[in-house]
Amino acid sequence: MDQPKKYDVVVIGLGAVGSAALFQLSKAPGIRALGIDRYDPPHGMGSSHGESRITRLAVGEGEDYIALAKRSHEIWREIEAESGRTLLTRTSGILLDSGVQAWEKHGTAGFWQQTVSFAEGHGIGHELLDPRDLRDRYPAFMLERSGKVYLEHEAGYLRPELCIQSQLELAAQNGAEIRRNCPVLQVRSEGESINVATDGGRFLADRVLLSAGGWIGDFLPASEKKNYKICRQVLHWLEIGEGAGEWTRYPVWMWGFGPRPEDFLYGFPSLDGRTVKMATESFVDAGHPDALIREVTEAEQKLFWKEKVEGRIAGLRPVFARSEVCFYTVTSDARFVTKAMEGMENVLLVSACSGHGFKHSAALGERIAKQLLQGR
């Protein structure tokens with residue numbers, strides 16, 4: 001039997017964090033790095049697709065995320081210069097609070113006020129508007145008189161598919177190997193190495209990054225799987241009505257209007273001049289990514305319009321150009337998970353970005369790569 005090829009680091013899962021880590025690893029001199037994915041990234045089966053992702057600096061989910069967000073913006077600009085692609089578009093961003101009931105997001109109570117506090121404490125450029133100011137600037141938002149508005153100057157959107165594609169292409173140019181459409185079957189210790197068994201053969205590694213997103217549960221004991229919920233999310237592109245104004249000039253936006261995590265709506269400026277992408281959030285556990293219902297029904301679309309959009313966003317038609325499904329991998333506290341695998345200290349598990357990870361992924365990948373290179 002042929003001996004398996006040996007690498008310094010194998011990265012399993014090449015989504016947001018995995019592609020970023022592989023790119024950073026590939027820049028280290030003399031490092032033999034391999035990236036593996038069960039599909040052909042960037043792809044539409046995980047959590048990192050759908051045309052756009054919001055990025056912002058005053059991260060209400062936690063003050064410790066701010067440094068990651070700022071560093072990620074720097075890295076995206078560096079990758080843009082190297083790849084010649086536009087990955088990060090600055091539009092400004094608004095966070096709306098209906099002011100009717102206190103609401104939370106990703107496990108953080110008082111999300112609007114905490115965002116403002118972080119912006120003030122970290123010198124992040126912003127303005128506070130009242131509902132009348134908001135209507136003057138962006139008349140599509142029908143915010144209640146009780147509402148509050150935070151506007152951040154540096155916010156915008158990332159193009160997730162291009163971010164992943166660019167990092168993987170640069171990693172390959174730097175000498176990293178990539179195996180696509182290659183599901184990993186098992187990860188186990190073999191002497192001082194880690195044996196990675198796949199559909200396409202076996203590989204040995206000194207260290208492994210397990211960044212398999214929602215498939216992380218396939219590698220965990222049953223007692224740990226319950227800590228990771230797979231939550232189906234639906235993205236919608238609605239048609240713009242006549243006389244609706246210039247939606248291409250709008251900021252990215254998020255709107256909390258009730259006490260439940262699902263009482264939330266977010267969206268983007270129009271990227272095509274004809275449609276506006278927006279979505280809500282759901283935290284119902286689907287159990288496993290392979291069990292997700294990937295089709296979006298007309299009934300779902302009608303309910304989204306009636307419960308979320310109607311009476312809040314003007315200038316759109318209840319006509320859905322398209323809808324797509326992705327998912328969050330969510331922990332009970334909505335925090336990221338980065339830890340060594342039990343019984344395999346040279347396997348680093350990174351997953352469960354809980355729906356707010358893409359904007360941090362470039363810096364998170366850089367930080368993880370440094371950990372792996374240091375053997376920690």
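Hydrogens, waters and symmetry mates play no part in the numbers below; they use all other heavy atoms, side chains included.
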- prompt: Does the pair Met278 and Leu316 meet the rule for a side chain to side chain contact (heavy atoms under 4.5 Å, CB included), with working shown?
  reply: CA-CA 11 Å; Met278 62 180 67; Leu316 300 179; 3.3 Å; yes
- Message: Lys70 vs Glu74, test: salt bridge (charged side-chain N to carboxylate O under 4.0 Å, His left out). Steps then yes/no.
- Response: CA-CA 7 Å; Lys70 287 184 174 181; Glu74 295 173 353; over 6 Å; no
| task | Just do the salt bridge (charged side-chain N to carboxylate O under 4.0 Å, His left out) check on Arg159 and Glu161 with the steps written out, would you? | result | CA-CA 6 Å; Arg159 293 185 177 269; Glu161 290 92 345; over 6 Å; no
Open item on the list: Between Asp97 and Leu95, is the side chain to side chain contact (heavy atoms under 4.5 Å, CB included) condition met? List the steps.
Closed with: CA-CA 7 Å; Asp97 184 339; Leu95 178 61; over 6 Å; no
Test salt bridge (charged side-chain N to carboxylate O under 4.0 Å, His left out) on Lys339 and Glu224; report intermediate values, then the result. CA-CA 13 Å; Lys339 65 176 185 177; Glu224 281 197 60; 2.8 Å; yes
Evaluation steps, side chain to side chain contact (heavy atoms under 4.5 Å, CB included), between Ile36 and Val10:
CA-CA 8 Å; Ile36 306 174; Val10 170; 3.8 Å; yes
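In summary, the aromatic rings of Tyr328 and His356 are positioned with their centroids too far apart to meet the 6.0 Å limit. Annotation: Tyr250 is in aromatic contact with Phe141 [ring centroid separation under 6.0 Å].
Residues Lys359 and Ser72 are not in side-chain contact: their nearest non-hydrogen atoms beyond the backbone lie 4.5 Å or more apart. By the 4.5 Å heavy-atom criterion applied to side chains, Ser48 and Ile164 are counted as neighbours. Residues Gln167 and Leu14 fail the side-chain proximity criterion, which asks for heavy atoms closer than 4.5 Å. Here the side chains of Val325 and Gln233 are not in contact, with every heavy-atom distance at 4.5 Å or above. Proximity of Val59 to Phe118: side-chain heavy atoms (C-beta onward) are nowhere separated by under 4.5 Å. With contacts defined as side-chain heavy-atom distances shorter than 4.5 Å, the pair Ile240/Val276 qualifies. Here the side chains of Leu158 and Trp76 are in contact, with some heavy-atom distance below 4.5 Å.
Of the charged side-chain nitrogens involved, at least one lies within less than 4.0 Å of a carboxylate oxygen, so that Glu127 and Arg137 count as a salt-bridged pair. A salt bridge between Asp285 and Lys229 is absent, with no side-chain N of the basic residue lying under 4.0 Å from a carboxylate O of the acidic one. Taking a cutoff of 4.0 Å between a charged side-chain nitrogen and a carboxylate oxygen, Glu307 and Arg312 do not qualify as a salt bridge. The pair Arg260-Glu281 does not meet the salt-bridge criterion, since no charged nitrogen lies less than 4.0 angstrom from a carboxylate oxygen. By the 4.0 Å N-to-carboxylate-O rule, Arg317 lies close enough to Glu239 to be salt-bridged with it. In summary, Asp130 and Lys148 do not engage in a salt bridge, as defined by a charged side-chain N under 4.0 Å from a carboxylate O. Comment: Arg85 engages Glu169 in a salt bridge, judged by a side-chain N to carboxylate O separation of less than 4.0 angstrom. Look at Arg71 and Glu78 and you find a salt bridge, because one of the NZ, NE, NH1 or NH2 atoms lies within 4.0 Å of a carboxylate O, short of that distance. By the 4.0 Å N-to-carboxylate-O rule, Arg180 lies too far from Asp37 to be salt-bridged with it. A salt bridge is defined here as a Lys NZ or Arg NE, NH1 or NH2 lying under 4.0 Å from an Asp or Glu carboxylate O, and Lys302 with Glu310 fails to meet this definition. Salt bridge status for Asp199 with Arg179: absent, with no side-chain N to carboxylate O gap under 4.0 Å. Taking the charged nitrogens against the carboxylate oxygens, Arg322 and Glu324 do have a contact shorter than 4.0 Å, which makes a salt bridge. Using a cutoff of 4.0 Å between basic side-chain nitrogens and carboxylate oxygens, Glu154 and Arg56 are not scored as salt-bridged.
Under a 3.5 Å cut-off, the side chain of Arg202 and the backbone N or O of Gln3 do not form any donor-acceptor pair. His122 places no side-chain N or O within donor-acceptor distance of the main-chain N or O of Ile124, the cut-off being under 3.5 Å. Between the side chain of Lys277 and the backbone N or O of Gly50, at least one donor-acceptor pair lies under 3.5 Å. Ser211 places a side-chain N or O within donor-acceptor distance of the main-chain N or O of Ile12, the cut-off being under 3.5 Å. Of the possible donor and acceptor atoms, one in the side chain of Glu300 sits under 3.5 Å from a partner among the backbone N and O of Thr297. For Ser351 (side chain) and Gly213 (main-chain N/O), a donor-acceptor pair under 3.5 Å exists by modelled atom type. Counting only distance, with no hydrogens or angles, the side chain of Thr275 and the backbone of Trp237 share no donor-acceptor pair below 3.5 Å. For Gln114 (side chain) and Gly60 (main-chain N/O), a donor-acceptor pair under 3.5 Å exists by modelled atom type. A donor-acceptor pair under 3.5 Å is absent between the side-chain atoms of His126 and the main chain of Glu152, judged by distance alone. No donor-acceptor pair closer than 3.5 Å links the side chain of Gln24 to the backbone N or O of Ala20.
Summarising the geometry, atom CG belonging to Leu372 is positioned 11.0 Å from atom CG belonging to Asp206; distances are rounded to the nearest 0.5 Å. In this structure, CG in Asn346 is found 4.0 Å from CD1 in Ile194, a value given to the nearest 0.5 Å. To the nearest 0.5 Å, atom CG of residue Leu170 and atom CG of residue Leu22 are 10.5 Å apart.
Arg294 approaches Gly44 most closely through the heavy-atom pair NH1-O, 3.7 Å. When all heavy atoms of Cys231 and Ser282 are compared, the closest pair comes out as CB-O, 3.4 Å. The minimum heavy-atom distance between Asn195 and Leu204, with the atom names listed, is CA-CD2, 3.8 Å. Closest non-hydrogen pair, Gly156 versus Thr91, comes out as CA-OG1, 3.5 Å. Contact between Phe336 and Cys353 at its shortest, heavy atoms only, is CE2-O, 3.3 Å. Summarising the geometry of Ala33 relative to Leu25, their closest heavy-atom pair is CB-CB, 4.4 Å, with the distance given to 0.1 Å.
Under the 4.5 Å side-chain contact rule for hydrophobic residues, Phe327 and Phe264 do not share a cluster. One hydrophobic cluster holds both Phe111 and Val252 under the rule that ILVMFWY side chains link at heavy-atom gaps under 4.5 Å. Hydrophobic clustering of Ile, Leu, Val, Met, Phe, Trp and Tyr side chains at less than 4.5 Å, counting indirect connections, unites Phe23 with Leu373.
No cation-pi contact links Lys5 to Phe203, judged by a cut-off of 6.0 Å to the six-membered ring centre and 45° from its axis.
Side-chain contact, Gln301 with Ser323: a donor N or O sits under 3.5 Å from an acceptor N or O. With 3.5 Å as the limit, one finds no donor-acceptor pair spanning the side chains of Glu51 and Tyr157. In summary, the side chains of Trp215 and Asp290 do present a donor paired with an acceptor at a separation below 3.5 Å, with no hydrogens or angles considered. A side-chain N or O of Ser270 and one of Asp272 form a donor-acceptor pair less than 3.5 Å apart. Of the N and O atoms on the side chains of Thr248 and Glu246, at least one donor lies less than 3.5 Å from an acceptor on the other residue.
Considering His288, Gln186, Lys225 as possible partners of Asp218, the one that fulfils the side chain to side chain donor-acceptor pair (under 3.5 Å) test is His288.
Relative ring orientation between His360 and Tyr65 is described as parallel, the plane-to-plane angle staying below 30° on a 0-90° scale split at 30° and 60°.
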